[in-house]
Number of protein chains: 2
Amino acid sequence: MQLPIHLEANGYPAASLLKKLRCRDTISVDEERIVEAMLEGQSVIDVRVDFIREGDRPVASTLLVEGYAARYRMVESGARQITAIHVPGDFVDFHSFLMKEMDHGVATLTPCRVARVPHATLKSISETQSHLMRMFNLMALIDGAIHREWLVCMGRLPAPAHAAHLFCEIYMLLQAVGLARDFAFSFPVTQDNLADMLGLSPVHVNRTLQELRRKDLIEWQGEVLRFPDWDRIAQFAEFDDTYLHLRNEPR
Amino acid sequence: MQLPIHLEANGYPAASLLKKLRCRDTISVDEERIVEAMLEGQSVIDVRVDFIREGDRPVASTLLVEGYAARYRMVESGARQITAIHVPGDFVDFHSFLMKEMDHGVATLTPCRVARVPHATLKSISETQSHLMRMFNLMALIDGAIHREWLVCMGRLPAPAHAAHLFCEIYMLLQAVGLARDFAFSFPVTQDNLADMLGLSPVHVNRTLQELRRKDLIEWQGEVLRFPDWDRIAQFAEFDDTYLHLRNEPR
DNA sequence: CGAACTGTTGATGATCGTCAACTGTAGTGG
DNA sequence: CCACTACAGTTGACGATCATCAACAGTTCG
């Protein structure tokens with residue numbers, strides 16, 4: 001199974017990351033070259049197993065090029081909670097550059113392609129390119145902002161609004177790297193995985209989706225998820241994309 | 001109302017931050033001096049109003065010196081979700097250095113004292129002290145790890161375990177800066193605020209606390225929260241402090 | 001003394017989880 | 001071609017967890 005929408009610049013893993021950086025801040029032509037050099041020549045590999053990360057002392061960070069991945073943790077009852085979903089252009093474990101002990105797992109939700117960036121490269125950038133390093137720092141802060149938004153949704157929104165909010169967020173993230181437009185995107189993820197993202201049971205997710213379909217807030221047959229009316233679902237989900245910081249902001 | 005436990009080095013805001021940095025990584029004597037210089041001469045102010053942060057374009061970040069503060073967001077129903085709790089030694093809005101638009105509020109949960117660190121100082125450090133900057137970066141990543149842990153608790157733990165987990169986490173954070181020992185700490189926070197942290201109703205928090213007391217997992221009369229048996233509550237809450245990264249780790 | 005705040009209790013209902021059965025579809029091997 | 005299997009999705013029945021509303025108790029403070 002392959003995702004029906006492919007990266008525009010296939011075989012060129014820097015493209016989506018650069019797009020995100022451009023969305024989020026201004027970067028100079030020189031800095032673009034450094035990011036490209038960081039990724040150029042890195043092998044892009046297909047990942048078919050469930051676990052992207054293995055071993056205790058990683059020497060490289062993983063950039064997602066294609067597919068959906070997720071960070072998760074298990075609890076003793078056997079339940080799984082997904083704490084973040086990754087789309088192309090995301091570092092799935094930038095953490096491992098600074099935090100030596102991993103406290104969670106990373107799994108693919110669909111078949112994925114990834115590129116590996118050696119920690120030595122990141123260290124070199126952090127020492128010579130303070131502006132770029134601040135931008136990586138910014139990406140970590142945005143990760144935190146997304147986590148906070150998930151906490152708000154999980155704690156204070158009913159299940160249908162929570163699910164709708166997640167769909168809106170994923171759409172905006174994909175749009176930023178050119179993988180979604182016209183309020184539709186490929187989302188070949190099972191309801192079981194969705195349940196692990198929302199902190200619900202699979203059965204309740206099913207009924208929640210039925211409610212969203214009944215209210216004409218989503219269409220989701222096959223792999224493509226579509227919003228018939230963006231404004232309506234955004235209001236229903238109380239979705240405000242400020243927290244994603246996808247627009248250029250004045251310094 | 002003042003917290004019964006005071007900072008050991010009162011009037012010296014760098015102390016608790018330095019302790020945390022020492023817990024999390026090795027810093028040289030030179031770097032210690034830089035952190036001290038960063039905070040030295042900054043006015044330490046009492047905050048009695050509810051809102052620490054105001055205005056859209058902050059020019060300084062706020063370091064919490066004494067008291068409890070929290071980041072939160074409101075939803076349309078009027079409910080509030082607290083997404084992070086801050087203890088002395090935390091930057092409550094390090095974000096504002098890199099993210100110009102704030103997407104959440106910061107409020108005090110008890111009377112607080114804070115120190116303001118100008119963004120110009122942080123920028124200078126980021127350009128000249130790459131190792132220190134990586135450490136601030138690391139603190140942002142740990143913030144993210146704590147958020148992920150909250151998501152797991154919120155999504156997959158029942159209310160009593162969730163509350164117990166939160167108490168364990170706060171105890172470890174306070175212990176790292178010398179504000180807790182012997183499995184007890186000052187926690188003068190209302191059940192209403194606790195409900196906003198756990199994503200529950202105040203009534204249900206009350207009953208949850210009664211259950212924890214009935215099982216002898218906590219004692220909480222007045223301001224002091226005490227654990228009669230650390231191992232038991234840690235197991236009950238499935239608490240593992242790895243995600244806090246409070247120990248020095250081999251590079 | 002009364003007002004405001006926090007904590008507590010009871011009654012009731014909504015949301016969500018669990019268990020089990022069933023459907024449709026896509027493979028897989030005889 | 002047809003069982004057979006595996007898997008995702010769906011439905012119904014039932015129970016557990018949690019929210020809501022209302023009332024009341026204890027404390028602090030003016």
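Chain A is the first sequence line, chain B the second, and so forth, proteins listed ahead of strands; every chain is numbered from 1.
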Please round to 10 degrees the angle between the axis of the first five pairs and the axis of the last five pairs in the helix from dC1(C)-dG30(D) to dG30(C)-dC1(D).
-> 30°

Any chance you could lay out the side chain to side chain contact (heavy atoms under 4.5 Å, CB included) test for Val114(A) and Val92(A), step after step, and finish with the verdict?
-> CA-CA 9 Å; Val114(A) 301; Val92(A) 298; 6.0 Å; no

Is any side-chain nitrogen or oxygen of Arg213(A) closer than 4.0 Å to OP1 or OP2 of dG9(D)?
-> no

Separation of dA19(D) C1' from Arg80(B) CZ (nearest whole Å) | 18 Å

Minimum heavy-atom separation for Leu157(A) to Ala237(A), with atom names?
-> CD1-O, 3.9 Å

Salt bridge flag under 4.0 Å for residues Arg71(B) and Asp143(B) | yes

Side-chain contact, heavy-atom cut-off 4.5 Å: Gln81(A) with Val75(A)?
-> no

Could you walk me through whether Thr242(B) and Asp240(B) pass the side-chain hydrogen bond (donor to acceptor under 3.5 Å, both in side chains) check?
-> CA-CA 6 Å; Thr242(B) 305; Asp240(B) 172 353; 2.7 Å; yes

Side-chain H-bond candidate by donor/acceptor type, Asn206(B) with Gln210(B), under 3.5 Å | yes

Phe91(B) side chain near Leu64(B) side chain, heavy-atom distance below 4.5 Å = no

Interatomic distance, Gln221(A) CD vs dT10(D) P [rounded to whole Å] = 11 Å

Pull out every residue in residues 190-202 of chain B that has a heavy atom closer than 4.0 Å to any atom of DNA chain D, ordered by number, or say none.
-> Gly199(B), Leu200(B), Ser201(B)

Is Asp196(B) salt-bridged to Arg156(A), going by a charged N under 4.0 Å from an acidic O?
-> yes

Asn206(B) CG - dA22(D) C1' separation (whole Å) = 15 Å

Give each protein N/O atom lying under 3.5 Å from an N/O atom of nucleotides 10-14 of chain C, with the pair distance.
| residue | atom | partner | partner atom | Å |
| --- | --- | --- | --- | --- |
| dG10(C) | N7 | Arg207(B) | NH2 | 2.4 |

Euclidean distance, atom CD1 of residue Ile218(B) to atom C1' of dG7(C) [Å, nearest integer] = 14 Å

What do you reckon, are the aromatic ring centroids of Tyr171(A) and Phe183(A) less than 6.0 Å apart?
-> yes

Selection: residues 152-169 of chain A, any non-hydrogen atom under 4.0 Å of DNA chain D = none

Hey, does the side chain of Gln210(A) come within less than 4.0 Å of dT11(D)'s phosphate (OP1/OP2), counting only N and O?
-> yes

Do Glu149(B) and His104(A) get their side chains close enough for a donor-acceptor pair, meaning under 3.5 Å?
-> no

Kindly determine whether Phe239(A) and Phe167(A) satisfy ring pair (Phe, Tyr, Trp, His ring centres under 6.0 Å), including the steps that lead there.
-> CA-CA 10 Å; Phe239(A) 182 78; Phe167(A) 296 148; over 10 Å; no

Do other residues, nucleotides or ligands put more than 12 heavy atoms under 6.0 Å from Arg181(B) CZ?
-> no

Would you mind reading off the distance between Glu223(A) atom CD and dA26(C) atom P, rounded to a whole angstrom?
-> 12 Å

In whole angstroms, the gap separating C1' of dA8(D) from CG of Leu209(A) amounts to 13 Å

Using whole Å, report how far CH2 of Trp220(A) lies from C1' of dG9(D).
-> 11 Å

How far apart are the C-alpha atoms of Val87(B) and Tyr68(B), what are their side-chain angles, what is the distance that settles it, and do they pass the side chain to side chain contact (heavy atoms under 4.5 Å, CB included) test?
-> CA-CA 5 Å; Val87(B) 301; Tyr68(B) 289 99; 3.9 Å; yes

For Glu211(B) and dA16(D), give me the distance from atom CD to atom P, rounded to whole Å.
-> 14 Å

In plain terms, say whether Arg232(A) and Asp216(A) are close enough for a salt bridge, that is, a side-chain N and a carboxylate O under 4.0 Å apart.
-> no

Using a 4.0 Å heavy-atom cut-off, write out nucleotides 23-30 of chain D from 5' to 3' as B (base contacted by protein), S (sugar-phosphate only) or - (no contact).
-> --------

Those residues that, when tested against Arg226(B), pass side chain to side chain contact (heavy atoms under 4.5 Å, CB included) (two or more places apart) = Ala184(B), Glu219(B), Val224(B)

Is it true that Glu211(A) and Arg207(A) have a side-chain N and a carboxylate O under 4.0 angstrom from each other?
-> no

